[in-house]
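First comes the structure, then the notes that go with it.
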Amino acid sequence: ENMLSEMFTRRKNKAPTATQGAQTALHKGYLLKRGKVHKAFRSRWCVLVPGKLMYFKNAEQVKPQDFIALDQAIIKPSKDLELEDHPHGFEIITNHRVYYMVAATQAEMLQWVQKLSGQTKLTAENHYIDTAEQAISHECYMRAQREEEEERG
């Protein structure tokens, strides 16, 4: 764990460049990302922009290594046993792959999970469904009140 915190500390001191979506960045910082082929975790500068998480080798890199589309993703803290050496891990589950990410602290992990979840269509759809259910419930309540008043009056 000491090596892990050292990697984050070393990387945190480097400032991001203005070219990395600074205008639209919703959140940014260093995370460890597990590779697709080589399963080792590598430190990546991550920039959350609307609908996707871009990741770079470091904060100075202008062109992202790649990005993760978040529209259909599910984001959750990881309970994967493979991450037991990384207690602040979370998963980004897409139709094509499960991305394993690790934050430096529990608080940072929860913040990333919240920010990333806010960019998924599933979260937006759930919000619309909740809003519609509240409106329907309110309308039913108001109708019941009117019917009671009519019965009394």
Side-chain angles (χ1 to χ4, degrees), residues 1 3-141:
E1 179 152 339
M3 185 178 89
L4 182 65
S5 62
E6 190 178 300
M7 284 176 78
F8 281 109
T9 306
R10 206 170 345 126
R11 295 290 191 165
K12 267 187 183 173
N13 297 331
K14 297 186 177 186
T17 61
T19 56
Q20 294 175 349
Q23 302 84 1
T24 57
L26 304 170
H27 197 65
K28 51 192 165 187
Y30 276 100
L31 292 170
L32 296 181
K33 179 187 154 295
R34 190 167 89 176
K36 183 178 183 177
V37 178
H38 304 290
K39 302 296 184 191
F41 281 91
R42 290 193 164 79
S43 181
R44 294 290 180 247
W45 176 252
C46 297
V47 179
L48 176 62
V49 296
K52 65 183 176 182
L53 178 65
M54 299 186 300
Y55 54 92
F56 304 79
K57 278 191 176 180
N58 55 53
E60 290 77 30
Q61 188 178 1
V62 176
K63 187 174 185 269
Q65 291 291 108
D66 206 347
F67 69 91
I68 303 168
L70 299 172
D71 57 344
Q72 296 294 316
I74 297 169
I75 290 87
K76 63 180 189 140
S78 184
K79 302 205 179 351
D80 195 309
L81 292 176
E82 290 185 47
L83 294 183
E84 63 186 17
D85 292 340
H86 302 288
H88 314 300
F90 61 95
E91 300 170 14
I92 302 173
I93 304 164
T94 68
N95 293 336
H96 310 291
R97 178 177 166 196
V98 177
Y99 294 86
Y100 294 96
M101 314 295 276
V102 178
T105 66
Q106 181 73 5
E108 280 186 33
M109 183 270 289
L110 293 173
Q111 194 174 38
W112 274 107
V113 168
Q114 178 197 18
K115 301 267 185 185
L116 289 162
S117 295
Q119 293 304 304
T120 68
K121 277 193 180 152
L122 298 174
T123 299
E125 289 168 2
N126 286 342
H127 173 71
Y128 294 133
I129 290 168
D130 288 345
T131 303
E133 285 176 347
Q134 288 172 4
I136 291 166
S137 294
H138 180 72
E139 184 57 36
C140 289
Y141 173 77

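Bear in mind that the values here come from a model prediction, so they are computed numbers and not experimental data.
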Heavy-atom pair of closest approach, residues [X] and [Y]:
X	Y	result
I92	A73	CG2-CB, 4.1 Å
G35	R97	C-NH2, 3.7 Å
N95	Q72	ND2-CB, 4.2 Å
R44	K33	CG-CB, 4.1 Å

Nearest 0.5 Å please: distance from the [atom1] atom of [X] over to the [atom2] atom of [Y].
X	Y	atom1	atom2	answer
F56	Q65	CZ	CD	9.0 Å
K52	F67	NZ	CZ	5.0 Å
M101	M109	CE	CE	13.0 Å
I75	T94	CD1	OG1	9.5 Å
M54	K28	CE	NZ	9.5 Å

For [Y], does its backbone N or O pair with a side-chain atom of [X] as donor and acceptor, under 3.5 Å?
X	Y	result
H88	Q106	yes
K39	K36	yes
Q111	A107	no

Task: Verdict with supporting geometry, Y99 and L53, side-chain contact (heavy atoms from CB on, under 4.5 Å) - done: CA-CA 11 Å; Y99 294 86; L53 178 65; over 6 Å; no

Under 4.5 Å between any side-chain heavy atoms of [X] and [Y], yes or no?
X	Y	answer
C46	W112	yes
N58	Y30	yes
P50	Q119	yes
L26	V47	no
K76	F90	no
R42	L32	no
E91	Y100	yes

Task: Residues forming a side-chain hydrogen bond (donor to acceptor under 3.5 Å, both in side chains) with Q114, sequence neighbours excluded - done: none

- [ ] Verify side-chain contact (heavy atoms from CB on, under 4.5 Å) between T120 and I74, making sure each step is shown before the conclusion.
- [x] CA-CA 7 Å; T120 68; I74 297 169; over 6 Å; no

